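This report refers to the structure that appears directly beneath it.
Computed from a predicted model, the values in this text were never measured in an experiment.
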Amino acid sequence: MNSSPRPVRFLVLASALSLAALGCGDAPSATSPPAEPPPAAAAGPFVDAAAATGLDFTHFNGMSGELYYSEMMGSGAALFDFDNDGDLDVYLVQGRMLNPDKEPAEATFPPAPGMLPLRDRLYRNDLEADSAGVPRPRFTDVTAESGIDAGGYGMGVAAADFDNDGWTDLYLTQAGSNRLWRNLGDGTFRDVTAATGADDPRWSLSAAWVDVDLDGWLDLYVVNYVDFQVADHRQCAMMSGQPDYCGPQAFPAAADSLLLNRGPGADGMVTFEDVSESSGIAATSGAGMGVVAGDFDGDGAPDLYVANDGMANYLWLSRGDGTFADEAMLSGTAFNREGQAEAGMGVAAGDFDGDGDDDLLLTHLALETHTLYRNDGGGAFEDVTAASGLGAPSWRATGFGTAWLDFDNDGRLDLMAVNGAVIMIPELLAAGDPHPLGMTNQLFRNLGGAGGQIVFEEVAAGEPFSTVAVSRGLAVGDLDNDGDADAVVTNNAGAVQLLLNQVGHERRWLGLRLLGGTGGQRDMLGAEVEVARPGGRSLWRQVRTGGSYLSSHDPRVLFGLGEDPEIGAVRVCWPSGGVEEFDVEVDRYTTLRQGEGESVDDAG
């Protein structure tokens, strides 16, 4: 059946403080504050401003009736400042035709003329003020000028400055060979995949940049899924006999890869060494989908958590000698509370309970719930899904991209999850939907709580969260620089959504960009930030772009302060181990550079 790109459809839904002498990762003892109602917004906390701002991308998945496994898995997005003008630009990953014997015009959703040529798209953000003086994104497609022509069937994107030259680069994952595009700083990019040794020829999904050896150069973890090739396609079916997509168990699982950044060689070119075997990463194979980096056991060394589809997840804890041990089973993060493997898809790390360590949220299939793991600070986790209130409302959803964000700037991390089925929904199938995987997305508000028992409620978040789509990627960042978290949502075989936050900027906030490393000009992924608050509480964030699914977030950290602008000095724990304090002003973004703060004795 041929039709135009999928239409949008709707469902009716419903004084200055000084920091205490705390070391990095030490937990404050105070509990979360009671909840405050967010500012009212008639249309909900977000509006979809993609069309109004020029973000006119529609994903093409190449489906043409064969039910190829890879066609319903993509794709992702990156929020990053490629031209260093102070606002976030957007990169969106595109698919291709899958059946080699058919043309795009024969696809179930043939591309409209404006979608051609089929390729990834880079949109430059020229932030401008509207007639009322309110900042508003304005996007221009600069793909042709950038020189980026990714080729292949795109899946995800990870943005970071791998060569420490102050310009953010792009790593693209694909159903086939991946691509590394170096930002030349003049608006153009160069494909340096072969020259750097950064390729992985398998079906890769998510990727994360992280300095695993703390040498000042960002390394790369690549999540590989299963060994599926279009030429080896097999037919799967529902219990009724209706043809359906296969699951990961139908194909051999793949091992992930770890590429170690060796810095520049004699010719000045940065190269990568594949240390997957020697590090222990390749010791096991799993159908990996999402990955996030963080110091999950509090020892100062970067670790990695991988969401696997239908099998035990990985928690790769660094031994500090270049090797990793999978401690997911001992930590309580391999399976859910009942000891069952779940369909791990997207993953988010963040301090939702305000105790100074990273907790984990995984999205899963419908009937499994999303799973919330609370960290005790030493790398032991407890599944608190049911107690948190997230179990029941997520039970009906098949989640992919997910992120912690303080959408109402009350100081507590809320949760966003974007959804879309992987098994055909009988009601949509019966109604003749040619892509019967559509679901609505979800926003959960952190209500706080005492004694470490944090509770969430699902927010009736307005029209963007009533749209039925096959959502996959989610990237979060402040696209209009007004001090609150916005989001870009990618939809399989559908139009991108730009969710502009309408409520967060009405409260006080603090935004920080942390730069350092060799050359002192790249975003310091892995740096931890502590901000003191009245009553002895602290807010904690880590600088990261990875997580979610196939996507890359704003590298800046954003703190909601509620109605009270009072803060103490800001303490930064750099990945190298140094600790510095900075004096900053609220309601603005400030760049903090390593070596320019007041050094602190971390021993306290």
Side-chain angles (χ1 to χ4, degrees), residues 72-77 155-156 205-206 208 223 225 247-248 286-292 305-315 328 333-337 340-350 352 358-374 381 383-386 388-405 413-423 425 437-444 446 456 458-459 461 465 469-476 487-492 499 546-553:
M72 54 87 176
M73 298 292 284
S75 62
M155 284 289 157
L205 292 180
S206 300
V223 175
Y225 192 46
M289 298 189 73
V291 60
V292 67
Y305 185 77
V306 179
N308 286 323
D309 189 1
M311 55 191 68
N313 304 309
Y314 300 147
L315 178 59
T333 59
F335 306 113
N336 67 10
R337 189 182 188 94
Q340 297 174 335
E342 298 177 294
M345 297 179 187
V347 59
F352 82 92
D358 273 333
D359 311 292
L360 292 166
L361 187 286
L362 274 71
T363 56
H364 294 116
L365 278 176
L367 310 186
E368 289 184 340
T369 81
H370 304 332
T371 301
L372 178 60
Y373 296 105
R374 186 172 185 267
F381 291 78
D383 180 346
V384 295
T385 308
S388 71
L390 288 173
S394 67
W395 185 78
R396 68 182 186 270
T398 293
F400 278 82
T402 186
W404 297 107
L405 72 166
L413 286 177
D414 311 299
L415 180 69
M416 189 180 293
V418 301
N419 305 316
V422 295
I423 300 169
I425 299 172
L437 305 176
M439 291 181 166
T440 55
N441 298 328
Q442 294 174 293
L443 180 66
F444 301 95
N446 186 335
F456 293 83
E458 186 173 2
V459 177
F465 291 83
V470 187
S471 295
R472 293 296 185 249
L474 170 65
V476 170
V488 168
V489 179
T490 60
N491 296 308
N492 186 273
L499 306 187
S548 191
Y549 173 71
L550 306 181
S551 300
S552 193
H553 303 301

Whether Ser206 side chain and Met289 backbone form a donor-acceptor pair below 3.5 Å: yes
Spacing of CG belonging to Leu315 relative to OH belonging to Tyr305, to within rounding of 0.5 Å: 7.5 Å
Between Gln442 and Ser394: side-chain donor-acceptor atoms closer than 3.5 Å: no
Under 3.5 Å donor-acceptor, Ser551 side chain and Tyr549 backbone: yes
Over all atoms of both residues, closest heavy-atom pair of Gly74 and Leu550: CA-CD1, 3.9 Å
Main-chain N/O of Ala287 paired with Asp309 side-chain donor or acceptor, under 3.5 Å: no
Test item: Leu390 and Leu415 side chains (from C-beta on) under 4.5 Å apart, heavy atoms: yes
Parallel, tilted or perpendicular: ring planes of Tyr373 versus Phe381, cut at 30 and 60 degrees: perpendicular
Sidechain-backbone polar pair: His364 side chain, Thr398 backbone, donor-acceptor under 3.5 Å: no
Separation of Leu437 CG from Ile423 CD1 (nearest 0.5 Å): 9.5 Å
Spacing of CD belonging to Glu368 relative to CE belonging to Met345, to within rounding of 0.5 Å: 7.5 Å
Verdict with supporting geometry, Asn446 and Trp404, side chain to side chain contact (heavy atoms under 4.5 Å, CB included): CA-CA 10 Å; Asn446 186 335; Trp404 297 107; 5.8 Å; no
Side-chain (Thr369) to main-chain (Gly391) donor-acceptor, under 3.5 angstrom: no
Test item: Ser548 side-chain N/O and Leu474 main-chain N/O as donor-acceptor pair under 3.5 Å: yes
Side-chain heavy atoms of Phe400 within contact of Met439, under 4.5 Å: no
Flag, side chain of Arg337 to backbone of Asp383, donor-acceptor distance under 3.5 Å: yes
Any side-chain heavy-atom pair of Val470 and Asn491 under 4.5 Å: no
For Thr402, side-chain hydrogen bond (donor to acceptor under 3.5 Å, both in side chains) partners two or more places apart: none
Minimum heavy-atom distance between Phe335 and Gln340, given as atom pair plus value: CB-O, 3.4 Å
Lys/Arg-Asp/Glu bridge criterion (N-O < 4.0 Å) met for Glu458, Arg396: yes
Pro248 to Tyr225 - nearest heavy-atom pair and separation: CB-OH, 3.7 Å
Contact check, side chains of Thr333 and Leu360, non-hydrogen atoms, under 4.5 Å: yes
Stepwise side chain to side chain contact (heavy atoms under 4.5 Å, CB included) check, His370 with Leu362: CA-CA 6 Å; His370 304 332; Leu362 274 71; over 6 Å; no
Closest non-hydrogen atom pair, Ala403 against Val476: CB-CG2, 3.6 Å
Beyond-backbone contact of Tyr314 with Val291, side-chain heavy atoms, under 4.5 angstrom: no
Derivation and outcome, side chain to side chain contact (heavy atoms under 4.5 Å, CB included), residues Trp395 and Leu367: CA-CA 5 Å; Trp395 185 78; Leu367 310 186; 3.3 Å; yes
Leu361 CG to Thr371 OG1 distance, which is reported to the nearest 0.5 Å: 8.0 Å
Met72 side, atom CE; Asn492 side, atom CG - distance, nearest 0.5 Å: 8.5 Å
Non-hydrogen side-chain atoms of Thr385 and Asn336 separated by less than 4.5 Å: no
Contact check, side chains of Val489 and Asn441, non-hydrogen atoms, under 4.5 Å: yes
For Ala475 against Ala77, the heavy-atom pair lying closest together: CB-O, 3.9 Å
Thr363 side chain reached by Val347 side chain, heavy atoms, under 4.5 Å: no
Under 3.5 Å: donor-acceptor pair, side chain of Asn313, backbone of Asn308: yes
Donor-acceptor pair, side chain of Asn419 and main chain of Thr440, under 3.5 angstrom: yes
